[in-house]
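Let me begin by presenting the structure, written as C-alpha cells, before commenting on it.
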Amino acid sequence: MVLPRSYYLNDDVLAIARSLLGKVIITTFDGKTTSVMITETEAYAGVADRASHAYGNRRTARTEVMFAEGGVAYVYLCYGIHHLFNVVTNAADIPHAVLIRAGEPLEGIDHMLLRRKKATLTPTLTSGPGALSAALGIRTIHTGVSLNGDSISIHDMGTNISPAQIVAATRIGVAYAGADALLPYRFYIAGNRFVSKAKGL
DNA sequence: CAAACGATTTTCT
DNA sequence: GAAAATCGTTTGG
C-alpha cells in the first residue's frame, strides 16, 4: 500500500529513516515504471544538524521545500552532476529530511540500465544516492513533488526489516559538519548487496 | 555581478 | 588510490 501522508509527519526523523528500509520507491516517467526497495538511508535532523542544508533555520530558494509539510521530494544537484533524492518529513516549518542512498532494483531494470548507460545489473546500478536517483529517473525538476502522486510514490510491500538487520553508522561526505558528522544517522540493511560502498564504510 | 564549493561517481594510473 | 567532471546555490563585493 502507498504510505499515507501521516506516515511522513512523525517528528522523529531517525525513526522514519529506519522505517523506510524495506519500503519500495516507484517512479513513472514518460510511461516507464521503475521501482527499487530502499536499502540505505540517512537522516538530516533540521535546524540543529550542521550537516543539514537547513542548519540554523536557513531558508533559501533551494531549501524552502524542506520546510514544507512532510511527504514531498527534495531533490538537489550535488557536484554539478548528481541529483540527490530526499524525503521531506515532519510538520510544516520543521525542515527534516531523509536522504535515500541506495536501493535494490525490482521493476523496470531495463529502463534503469538504459538511464545509467549500463549493460548488466550490478550493485553499482543503484548503490549511492546519485546513482539511485539516475536509475529511477529522478532529477532536480522533481523537487517538491508529492510522494503520493502518479510520478513518485513510496509503498509498504509488507517487507519487514527487523531491528537486528539494521546497521546504524556515520553519514557519508559530511566531514564539514564537525561533531555532527559523528552522529549515527545512516542506516542500512545488513548484508544487502545493494548498499553504497563509498568511502567511509 | 563574480567566485567558491559541494549529502558524488567515474575513470585513469 | 588519486583526480577529474561540472553547475546551481550561496556568499561576498
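The figures that follow rest on heavy atoms only: side chains count, while hydrogens, waters and symmetry mates do not. Numbers restart at 1 for each chain; the letters A, B, ... are given by sequence-line order, proteins then strands.
If you check every strand for non-hydrogen atoms under 4.0 Å, A:Ala131 touches sugar and phosphate atoms only.
For the pair A:Leu99 CG and B:dA7 P, the interatomic distance rounds to 10 Å; values are reported in whole Å. Per the geometry, CD belonging to A:Glu40 stands 10 Å off P belonging to B:dT9, to the nearest Å. Atom NE2 in A:His82 sits about 15 Å away from atom P in C:dG8, given to the nearest Å. Remark: P of C:dT10 and CG of A:Leu77 are 12 Å apart, rounded to the nearest angstrom. Separating the CD atom of A:Glu64 from the P atom of C:dT10 is a distance of 11 Å, rounded to the nearest angstrom. Look at OH on A:Tyr79: it is 5 Å from P on B:dT8, rounded to the nearest Å. Atom NZ in A:Lys117 sits about 11 Å away from atom P in B:dT11, given to the nearest Å. Spacing between atom NE2 of A:His53 and atom C1' of B:dC5 amounts to 11 Å, rounded to whole angstrom units.
For C:dT11, one of the phosphate oxygens OP1 or OP2 lies less than 4.0 angstrom from a side-chain nitrogen or oxygen of A:Arg58. Within the structure, a side-chain polar atom (N or O) of A:Tyr76 is placed less than 4.0 Å from OP1 or OP2 of B:dA7.
Using modelled atom types, one finds no donor on one side chain facing an acceptor on the other under 3.5 Å when comparing A:Thr140 with A:His142. Side-chain polar atoms of A:His53 and A:Tyr74 form a donor-acceptor pair below 3.5 angstrom. Between A:Glu40 and A:Ser196, the side chains place a donor N or O and an acceptor N or O closer than 3.5 Å (distance only, hydrogens not considered). Between the side chains of A:Ser151 and A:Thr28, no donor N or O sits under 3.5 Å from an acceptor N or O.
When both pairing distances are held under 3.5 Å, B:dA7 makes no Watson-Crick or G-U pair with any nucleotide shown. Base-pair partner of C:dT6: not found among the strands shown (Watson-Crick or G-U wobble, both distances under 3.5 Å).
With C:dC7, C:dT6, B:dA7 as the choices, the nucleotide that has an atom nearest any side-chain atom of A:Tyr176 turns out to be B:dA7. Listed nucleotides C:dT9, B:dT8, B:dA7 differ in distance to A:Arg62; the shortest reach to its side chain belongs to C:dT9. Taking the side chain of A:Arg116 as heavy atoms from C-beta on, and the options B:dT9, B:dA7, C:dG8, the nearest nucleotide is B:dT9. Among the nucleotides B:dA7, C:dT6, C:dT9, the one closest to the side chain of A:Thr60 is C:dT9.
Residues A:Thr124 and A:Val98 both approach DNA chain B. Their nearest nucleotides, taken by heavy-atom distance, put A:Val98 toward the 5′ side.
A:Arg50 and A:Gly178 get closest at one heavy-atom pair: NH1-CA, 4.1 Å.
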